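Take a look at the structure set out below.
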Amino acid sequence: MSIHVVKEAKRCLQCKFPQCVKGCPVSTPIPEMIRLFLEGKSDEAGDILFENNPLSSVCALVCDHDAQCEGHCIQAKKGIAVQWSSIENYISEGYLERACRTQAPRNHIKAAIIGSGPAGITIAVRLALKGYDVTLFDSREKIGGVLRYGIPEFRLPKALLDRYVNKLQEMGVHIRPNTTIGGALTIDDLFRDGYRSVFIGTGVWRPQALGVKGETLGNVHFAINYLSNPDVYRLGDSVAIIGSGNAAMDVARTVVRHGSRHVTVYCFRDRPTASDREVMYAKADGVTFMTHLEIEEIVDEGPLFRRVELDDNGQVVNYSEPALYPADSTIIAIGQRPKDKIVGSTAGIAVTANGLIWTDESGKTTHPGIFASGDVTRGARTVVEAVKYSKDVADAMDAYMQSLKN
């Protein structure tokens, strides 16, 4: 592995105006990192990476590199892009084991973080480095949010997330698992107990329903529920997946790994909405794709689809009669919405028409002292996008809490 990484690093042209940096949502200084790595300064490179993106070791594994950093590499125009993802993974993995950033002196100001997904972990790291007393609340038994319960093990090893537990605790972050805010405890209780600000990063965990007959049948499941713990499901030999985004690809590839031999993804349009890379991997795993189909109903024997004919604008111009596409189980993967426990138990937090928490560009909600970012404000997005916006939100929370001292 190290030999491969060194060879890849030596392929970097150290461009004066690096397009890879422009392609990265968090503007990772890739040429600088590669230069430091080749100079034997991996810890220094890891320190800069961690400062810029606390989840760099995660992003190295799950980002859509073909559409971002590597897709913008000048080397890709004539051949093969420098595989920055491999280099980043090598540097970040070592850094998590060996190093810890210097933190500001403790200021004894309390900040609460609700939800331990990409946004919550980013905020926790950033505020801990600034000296705040951070408590991270999560309703599940282990931290990670969608990283742990929405991304399959073969894409993101859970052992990596366990290392973040150790890193956060080294930084003085308190972790309260199995604690739901909006149940026995509310945000008002947090402010009562001295927290100066509260961050909401609870993600989107309510499945989006199709609204067709048959969704309550015993052999029908939602993608986000399945991915949370696939080992407890017995799906049978043939599985139909309705939806064609990245989550649907994760479901399909997980189902294959759990023994189902005939796995089919059904798409409404002429191609899946997932990234080309994820579709390629799903096909390599043996997943079949069928297009131009709209769900009509689900029965015990499988879903019924109408074949659709679309015009150049993607509008339906003709339907066929419904036909059965036999399957032992059907999984619905058309998206998620946020749950409303926190909003329902806290006055003054405005939401959008689709239930997302409204914030301004700095992550401020309509309730003083409450901030939010990640999927709960923008809908399901990528890990690196959550990091990008959460960095700004952490700075806004810092400014807000410091203003209360004056």
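Keep in mind that this is a model prediction, so the values were computed, not measured.
Judged purely by distance below 3.5 Å, without hydrogens or angles, the side chains of Lys130 and Asn107 never pair a donor atom with an acceptor atom. Residues Glu278 and Ser275 have side chains that never bring a donor and an acceptor to within less than 3.5 angstrom of each other. Looking at Ser329 and Tyr233, their side chains never bring a donor and an acceptor atom within 3.5 Å of each other. Side-chain contact, Ser56 with Ser92: a donor N or O sits under 3.5 Å from an acceptor N or O. Side-chain contact check for Ser373 and Ser390: at least one donor-acceptor pair (N or O, by modelled atom type) lies under 3.5 Å. Tyr149 and Asn229 are not linked by any side-chain donor-acceptor pair at a separation below 3.5 angstrom, with hydrogens and angles left out of the test. Side-chain atoms of Asp237 and Ser260 form no donor-acceptor pair, as typed in the model, at a separation below 3.5 Å. Donor-acceptor pairing under 3.5 Å is recorded for the side chains of Ser57 and Tyr164. Residues Tyr95 and Asp43 have side chains that never bring a donor and an acceptor to within less than 3.5 angstrom of each other. Donor-acceptor pairing under 3.5 Å is recorded for the side chains of His258 and Asp231. For the residue pair Asp189 / Thr186, a side-chain donor-acceptor distance below 3.5 Å is found, with atom types taken as modelled.
Counting heavy-atom neighbours within 6.0 Å of Arg271 CZ, excluding the residue itself, gives a total above 12. Heavy-atom contacts from other residues, nucleotides or ligands closer than 6.0 Å to NZ of Lys158 number more than 12. For His174, the NE2 atom sits in a loose shell: 12 or fewer heavy atoms of surrounding residues, nucleotides or ligands are nearer than 6.0 Å.
Put simply, the side chain of Thr346 never gets that close to the backbone of Val343: no donor and acceptor are under 3.5 Å apart. Side-chain N or O atoms of Thr377 include none that pairs as donor or acceptor with a backbone N or O of Ala372 at under 3.5 Å. Ser244 places a side-chain N or O within 3.5 Å of a backbone atom of Thr273 that can act as its donor or acceptor partner. In terms of modelled atom types and a separation under 3.5 Å, the side chain of Asn246 and the main chain of Ala274 share no donor-acceptor contact. Under a 3.5 Å cut-off, the side chain of His72 and the backbone N or O of Glu70 do not form any donor-acceptor pair. At distances below 3.5 Å, not a single donor-acceptor pair connects side-chain atoms of Lys364 with backbone N or O atoms of Ile370. Side-chain N or O atoms of Arg11 include one that pairs as donor or acceptor with a backbone N or O of Ile80 at under 3.5 Å.
If you take CD1 on Ile242 and CZ on Phe268, they are separated by 13.5 Å, rounding to the nearest 0.5 Å. A distance of 6.5 Å separates OG of Ser197 from CG of Leu127, quoted to the nearest 0.5 Å. Atom CZ of Phe222 is separated from atom CD1 of Ile332 by 4.5 Å, given to the nearest 0.5 angstrom. Taking CG of Leu227 as the start and NE2 of His221 as the end, the distance is 12.5 Å to the nearest 0.5 Å.
Ionic pairing of Arg337 and Asp375 is not present here: no N-O contact between side-chain nitrogen and carboxylate oxygen is shorter than 4.0 angstrom. With salt bridges taken as basic N to acidic carboxylate O contacts below 4.0 Å, none links Glu153 and Arg257. Using a cut-off of 4.0 Å between Lys/Arg side-chain N and Asp/Glu carboxylate O, Arg176 and Asp138 are scored as not salt-bridged. Of the charged side-chain nitrogens involved, none lies within less than 4.0 Å of a carboxylate oxygen, so that Glu385 and Lys388 do not count as a salt-bridged pair. Using a cut-off of 4.0 Å between Lys/Arg side-chain N and Asp/Glu carboxylate O, Asp193 and Lys110 are scored as not salt-bridged. In summary, Glu297 and Arg306 do not engage in a salt bridge, as defined by a charged side-chain N under 4.0 Å from a carboxylate O.
A cation-pi arrangement is not found for Arg196 relative to Tyr400, the charged atom failing to lie both closer than 6.0 Å to the ring centre and inside a 45° cone about the ring normal. A cation-pi geometry, defined here as NZ or CZ lying under 6.0 Å from the six-membered ring centre and within 45° of its normal, holds between Arg140 and Trp205. Note that Arg378 lies in the cation-pi zone of Tyr389, set by a 6.0 Å cut-off to the ring centre and a 45° limit from the axis.
Taking the six-membered ring for Trp and the full ring otherwise, Phe199 and Phe371 have centroids separated by 6.0 Å or more.
Gln402 has its side chain within reach of Ile109: a pair of non-hydrogen atoms, C-beta onward, lies under 4.5 Å apart. The side-chain heavy atoms of Val146 and Gln336, taken from C-beta on, include no pair separated by under 4.5 Å. The closest side-chain heavy-atom distance from Thr216 to Val220 is not below 4.5 Å. Looking only at side-chain heavy atoms (C-beta outward), Val239 and Ile331 come within less than 4.5 Å of each other. For the pair Met249/Val279, a side-chain contact is recorded, criterion being any heavy-atom separation below 4.5 Å from C-beta on. Residues Arg269 and Thr291 form no side-chain contact, since every pair of their non-hydrogen atoms from C-beta on lies 4.5 Å or further apart.
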**Report entry** Tyr266 and Phe289: CA distance, side-chain angles, deciding distance, ring-ring contact (aromatic ring centres under 6.0 Å, His included) verdict
**Finding:** CA-CA 6 Å; Tyr266 293 93; Phe289 289 80; 9.9 Å; no

Requested in this report: Please lay out, stage by stage, how Arg206 and Asp340 fare under the test salt bridge (charged side-chain N to carboxylate O under 4.0 Å, His left out).
Outcome: CA-CA 9 Å; Arg206 174 178 292 173; Asp340 56 6; 3.6 Å; yes

**Report entry** Stepwise salt bridge (charged side-chain N to carboxylate O under 4.0 Å, His left out) test for Asp47 and Lys41
**Finding:** CA-CA 10 Å; Asp47 200 48; Lys41 301 176 181 177; over 6 Å; no

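In summary, of the residues considered (Leu136, Val125, Ile121), a side-chain contact (heavy atoms from CB on, under 4.5 Å) with Val173 occurs for Leu136 alone. Exactly one residue among Asp250, Asp64, Asp285 makes a salt bridge (Lys or Arg N to Asp or Glu O under 4.0 Å) with Arg155. That residue is Asp250.
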